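Worksheet: the structure to be examined is printed underneath.
Treat the numbers as computed from the prediction; the structure is a model and nothing was measured. Throughout, a chain's letter reflects where its sequence line sits, starting with A, and its residues are numbered from 1.
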Amino acid sequence: MNYSSLAIPRLSDFLFGVCPRPLTLKNGLVIGGGQVYPEINFTLDSMIITAESMPQVYEQYTQMITGVCDRAVELHAPGLVVEFELLPDLTLVPEWGAEVTKILRSTLDETEAKHGLKTGLRVTPNDIREFARPPLMRQGRYVEDMFRSFELCAEAGADMLAIESTGGKEIHDEAILNGDLPMSVFALGVLGSRDMAYLWERITEISRRCGVVPSGDSACGFANTAMVLAEQHFIPRVWAAVIRVLTVARSLVAFEHGAVGPNKDCAYEGPYIKAITGYPIALEGAEASVAHLSPIGNIAKAVPDLWSNESVQNVKLLGAMAPTVSVEQLIYATRLMNVASARGAKEAGMLRDWWVESDSHLDPQAYVLRPDVVLKISEEIIAEPTPYKRTRRSAFAALEVLRQANAAGELNLSKMENRWLERLSRAAEGLPEDEDEFIAGILPQVNRKKIALSEYGL
Amino acid sequence: MNYSSLAIPRLSDFLFGVCPRPLTLKNGLVIGGGQVYPEINFTLDSMIITAESMPQVYEQYTQMITGVCDRAVELHAPGLVVEFELLPDLTLVPEWGAEVTKILRSTLDETEAKHGLKTGLRVTPNDIREFARPPLMRQGRYVEDMFRSFELCAEAGADMLAIESTGGKEIHDEAILNGDLPMSVFALGVLGSRDMAYLWERITEISRRCGVVPSGDSACGFANTAMVLAEQHFIPRVWAAVIRVLTVARSLVAFEHGAVGPNKDCAYEGPYIKAITGYPIALEGAEASVAHLSPIGNIAKAVPDLWSNESVQNVKLLGAMAPTVSVEQLIYATRLMNVASARGAKEAGMLRDWWVESDSHLDPQAYVLRPDVVLKISEEIIAEPTPYKRTRRSAFAALEVLRQANAAGELNLSKMENRWLERLSRAAEGLPEDEDEFIAGILPQVNRKKIALSEYGL
Amino acid sequence: MIIDDIKQAVIEGDATEVKKLVALALEQQVPAEEILKNGMISGMGEVGRLFEEGEYFVPEMLIAARAMQGGLGILRPVLVEQDVKSAGKVVLGTVKGDLHDIGKNLVGMMLEGAGFQIVDLGTDVSPEKFIEAIREHQPDIVGMSALLTTTMPNMDKTIKAFNEAGVRQSVKVMVGGAPVTKKYAGEIGADGFAPDANQATAEAKKLLVG
Amino acid sequence: MIIDDIKQAVIEGDATEVKKLVALALEQQVPAEEILKNGMISGMGEVGRLFEEGEYFVPEMLIAARAMQGGLGILRPVLVEQDVKSAGKVVLGTVKGDLHDIGKNLVGMMLEGAGFQIVDLGTDVSPEKFIEAIREHQPDIVGMSALLTTTMPNMDKTIKAFNEAGVRQSVKVMVGGAPVTKKYAGEIGADGFAPDANQATAEAKKLLVG
Ligand SMILES: [Zn+2]
Ligand SMILES: [Zn+2]
Ligand SMILES: [Zn+2]
């Protein structure tokens with residue numbers, strides 16, 4: 001499967017809660033079929049995970065899922081998706097992650113049976129391949145344990161499988177800090193994309209075998225790392241915005257190898273994925289500030305099908321345990337969306353546009369999430385045939401959009417940001433069209449201590 | 001001043017961010033003049049307050065206000081109000097509360113000077129009169145210290161003074177648990193209202209003398225106590241809804257004795273106050289679930305002029321310290337409001353109506369916050385001349401509205417809730433029109449160990 | 001059976017009826033302990049079940065509890081005579097500096113319904129007052145409540161004071177309130193924790209068995 | 001003044017120029033310590049100021065740091081000969097079970113710019129590896145980072161292991177990372193805490209003075 005046209009070509013059809021290829025879970029919950037549902041994610045409060053502490057781990061997850069389900073019932077949520085993102089330790093010992101999956105599944109099933117609340121469970125093993133340094137992407141015990149974690153979690157009751165994979169990240173962190181556009185393109189458009197093809201063929205195969213949904217990936221470790229660094233003024237905002245768009249072709253590879261959505265919440269490249277593939281996406285914003293601050297808290301609400309809090313640890317707040325607080329916030333956020341869309345597509349579009357307008361002029365990272373910009377750039381991306389060429393084209397398109405917005409006064413960039421916009425534009429111009437030529441040119445600059453290129457077929 | 005007509009008679013003018021009597025702070029920040037601003041409130045994480053720990057107390061407040069101001073600047077907030085709600089200990093030693101006020105003021109001033117962010121500081125001493133049991137409302141060291149706290153905080157840099165006063169609460173808690181409507185009416189319509197007149201004359205006098213704004217009170221200890229108990233299924237939701245409306249006449253007394261808004265965030269009777277007086281109000285909802293869960297997270301957004309998180313303790317979340325997370329959430333919430341209202345009153349009205357629709361059918365407590373219901377009941381309330389008569393009329397009006405909504409299928413009440421709606425209606429019918437007759441009838445049932453009636457002029 | 005009638009009268013909250021029936025049962029030589037356990041406490045147990053299932057609210061529970069109290073007034077002298085023990089004695093209080101008491105009152109009410117004897121010290125209770133109450137009333141359990149992050153640490157202080165006063169071993173300590181977590185309860189060495197008034201009774205019973 | 005030129009070249013991140021000027025200065029008998037302190041470290045100080053004021057981002061800082069490294073390559077043999085000390089030696093690592101390293105890398109980079117010598121142990125560093133590094137490198141400071149709530153407790157474990165191994169007294173310990181708070185740092189007995197990479201340098205300097 002190679003995408004070459006937009007699944008959602010018209011802005012008026014590019015809305016939250018609806019998509020051309022909605023997904024129906026086993027129990028009938030439809031994602032992207034009209035309503036936006038909350039997707040809640042939670043994690044342990046400070047504790048060490050060992051065989052001895054597993055009873056406490058299970059107890060905490062039981063407490064969290066119970067609190068969340070009770071509150072969702074109380075607030076008459078029309079549906080609820082829970083994401084269980086495995087901690088590294090729970091993936092390193094796949095049986096532990098599977099046991100937690102079972103706990104979550106059984107509480108969700110009980111809630112559905114008792115109160116009729118339709119639920120879904122997304123399980124996201126950790127990409128533990130990084131535990132080897134340099135990471136071994138296709139061999140060794142970490143790879144085996146990771147795939148076993150997918151299988152056991154699927155068998156333990158996951159509805160959907162996902163991952164935040166890290167192929168290429170071993171050199172991308174430095175590329176971010178160096179403001180090194182070609183290296184970022186190499187990490188995402190070459191390394192990451194190749195790894196995604198490898199990974200997602202296997203995840204899709206496991207999913208088919210186990211009867212679960214291969215949902216999607218997230219370039220979180222790339223673009224959200226950049227976003228957080230930009231929030232701390234460590235790197236330019238325009239650079240973080242460009243990196244966001246550079247991740248699109250990489251994340252699209254999952255869908256070209258079997259993923260069918262909903263794409264992961266922290267993947268802010270999601271709107272692009274939705275426009276191109278037509279599959280539903282999760283997204284997160286203001287309610288996810290518990291996990292990370294961001295300049296895109298409202299605009300992220302423009303086109304999601306699931307609305308998430310990213311993740312919150314199990315600490316006590318005055319109102320309730322934090323996961324319960326989070327699910328309440330997500331339910332109210334989705335209530336508003338669903339009321340507007342129940343009135344009609346015009347009303348949903350108005351609400352979408354207000355969210356867009358409220359953020360898009362204040363930060364280039366918000367600007368590249370404008371639905372009209374997403375459609376425009378997405379069209380350019382899929383005009384290219386390969387991940388590298390698409391990523392290269394992403395750089396051109398994102399930079400062009402930002403330059404135009406800046407010139408038109410739609411973005412108010414500082415002197416420093418302006419300087420970086422120029423600098424990145426020059427760097428982009430130097431990207432050769434031919435992938436082999438690009439690779440040959442960049443390889444001498446790659447830190448071989450950090451990466452095993454053979455793991456990427458290089 | 002005795003209100004006898006609605007300041008906002010028309011539903012189309014009853015919107016967030018605007019009111020007939022906006023308030024301008026010293027530095028020019030206008031509340032209720034078109035924009036909704038975030039009002040952030042935060043409190044200490046677990047620690048004991050003593051003379052020895054005061055350096056840590058000051059350090060924590062410094063950390064919280066700095067985190068909040070930095071984030072507000074970062075997100076280009078058009079304005080920011082901070083509420084400092086004094087803990088009991090910080091009121092018992094008024095100098096401590098004043099010192100914290102100074103710390104907050106100076107960071108706000110610096111932020112305004114450096115970044116142009118317009119800010120306001122609301123300071124809310126604790127009603128420490130309850131430390132005497134039964135509470136002494138008009139005499140003794142607690143009364144003196146409380147008023148001294150108001151003065152010192154005003155001198156230390158507060159822009160606005162507020163309180164969550166508790167006159168009548170000493171018998172109201174039991175009235176809630178007993179489902180005792182006449183006793184609740186007595187606590188609110190007689191005791192609370194008399195205490196409010198006493199208290200607010202003094203707060204207004206102090207405010208005038210110190211050049212600050214006497215803002216408003218909250219029936220939090222009455223109606224929010226009931227709301228939280230209803231969330232736990234301890235008391236019927238219809239009972240909590242009725243108590244909400246019963247608080248209106250009481251809280252109005254503050255405005256009849258000098259308060260000019262913004263009314264307190266946790267005062268969900270605020271929409272009634274705004275409709276009647278035309279003064280601006282603060283309110284809180286989904287983003288305040290950090291402090292208390294509620295069934296009114298969206299509908300509370302219908303008509304506020306400041307939008308608050310109620311309060312959050314200074315704990316670390318993954319994204320940032322909780323106060324910083326809260327202010328980010330509030331800023332995004334107000335951005336949406338301000339974008340919609342910038343488009344026009346029609347658009348603001350649409351957004352308001354979506355929020356209203358999203359909650360109002362699900363809970364009677366939400367239903368009595370519908371702007372149309374608020375206007376209808378407010379009109380009935382001010383048709384009466386005295387707090388008691390208004391409170392009695394509130395009971396009739398609220399119960400009538402709920403019965404009609406239930407009959408029309410706009411509210412789906414359980415069998416138990418229905419039974420209580422009837423029971424409360426019968427109890428309301430028994431309320432005599434004459435206040436003296438009412439008092440004479442109820443006094444024998446009042447637990448004299450819990451209350452010093454002479455403190456209320458009885 | 002008169003015992004069943006007493007139970008039913010408690011469930012319905014009919015204090016007059018309960019009093020009348022208890023007096024009658026005593027006349028009929030029904031053992032006081034049986035009246036208490038199978039009549040009144042069993043009735044309150046049913047009330048608790050109705051509450052759990054959303055059929056009753058606290059007001060209904062309070063009415064039932066008052067009906068039970070009415071019956072107890074008649075029964076208590078006989079119980080003392082026969083040396084029948086209550087389910088346990090609990091001293092309750094909101095810790096120093098904290099004025100919130102509705103949560104604590106609810107706990108007291110629910111414990112009472114389950115047959116516990118309650119000594120309520122009120123709010124703003126200093127460690128010294130708790131210790132005094134332990135010495136005076138010799139309770140099985142001390143329950144402490146706090147609603148503020150800045151008064152919760154007084155739970156820790158109070159338990160430490162129990163240790164110093166040498167009374168810690170003689171009681172089980174239960175804690176609860178908005179900022180309190182199971183983890184915190186463990187850290188300060190409390191024996192029990194209840195996330196809400198609802199679960200306090202079960203926790204108290206567990207403590208006295210364990 | 002050649003020293004000012006070196007400083008300016010560092011600020012501008014011109015590695016070639018820095019190397020050339022440092023060599024020239026040494027030829028001119030300018031003391032190595034002066035070249036280091038008033039030229040290069042002072043230049044990085046200015047870079048830090050520009051960063052604070054939003055005139056520079058990390059990429060610009062990295063370029064300046066690399067220019068400084070270039071000059072140091074020439075200067076270091078002379079410094080060793082003259083026994084000039086660095087600002088201090090810091091061993092850095094992300095604790096066991098945690099693979100996040102960008103924050104730690106930033107801290108290392110900023111410390112290096114301030115004249116510290118860095119030994120970076122990478123990620124997933126066990127207590128044993130930290131102890132080994134202390135014995136081998138004899139650092140002034142050990143900096144630990146954690147990004148997960150479930151790896152943060154390994155900071156506590158590592159400090160306890162330092163105590164057991166008898167190396168705790170020989171170093172100052174600094175901690176940081178998303179879930180870490182000043183309060184937690186205090187509880188586990190760390191000497192220093194930095195809420196972000198930005199503030200780590202000031203904290204490290206404070207530790208070595210204090
Ligand atoms: Zn992520
Ligand atoms: Zn309040
Ligand atoms: Zn408040």
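- Remark: the backbone N or O of B:Lys316 is paired with a side-chain donor or acceptor of A:Gln313 at under 3.5 angstrom.
- Looking at A:Ser326, neither its backbone nor its side chain comes within 4.5 Å of chain B, counting heavy atoms on both sides.
- Looking at heavy atoms from C-beta onward, A:Glu231 lies in side-chain contact with B:Arg71 at the 4.5 angstrom threshold.
- Within 6.0 Å of the CG atom in B:Asn418, the count of heavy atoms belonging to other residues, nucleotides or ligands exceeds 12.
- Contact of A:Glu310 with chain B is not made at all, since no heavy-atom distance falls under 4.5 Å.
- Heavy atoms of A:Lys301 lying under 4.5 Å from chain B are absent altogether.
- Contact of B:Ile296 with chain A is made through the backbone alone, with heavy-atom distances under 4.5 Å.
- Contact check for B:Leu317 versus A:Val315: side-chain heavy atoms found under the 4.5 Å cut-off.
- Side chain of B:Glu328 to backbone of A:Ser294: a donor-acceptor contact under 3.5 angstrom is found.
- For CG of B:Asp372, the number of neighbouring non-hydrogen atoms (other residues, nucleotides, ligands) closer than 6.0 Å is greater than 12.
- Both the backbone and the side chain of B:Glu357 come within contact range of chain A, judged by heavy atoms closer than 4.5 Å.
- Nearest approach of B:Leu362 to A:His76, heavy atoms of both residues: O-NE2, 3.8 Å.
- Contact check for A:Gln232 versus B:Glu74: no side-chain heavy atoms found under the 4.5 Å cut-off.
- With a threshold of 4.5 angstrom between heavy atoms, A:Asp359 approaches chain B through its backbone and through its side chain.
- Looking at B:Val290, both its backbone and its side chain come within 4.5 Å of chain A, counting heavy atoms on both sides.
- Of all residues in residues 340-355 of chain A, those placing a non-hydrogen atom less than 4.5 angstrom from a non-hydrogen atom of chain B are A:Ala340, A:Arg343, A:Glu347, A:Met350, A:Leu351, A:Asp353, A:Trp354, A:Trp355.
- How far CD of A:Glu287 is from OG of B:Ser289: 9.5 Å, rounded to the nearest 0.5 Å.
- Looking at B:Tyr332, its side chain does come within 3.5 Å of a backbone N or O of A:Gly297 through a donor-acceptor pair.
- Residue A:Val339 touches chain B through its side chain alone, counting heavy-atom pairs closer than 4.5 Å.
- Taking A:Leu293, A:Val325, A:Thr43, A:Val228 one by one and counting their heavy-atom pairs under 4.5 Å with chain B, the maximum is reached by A:Leu293.
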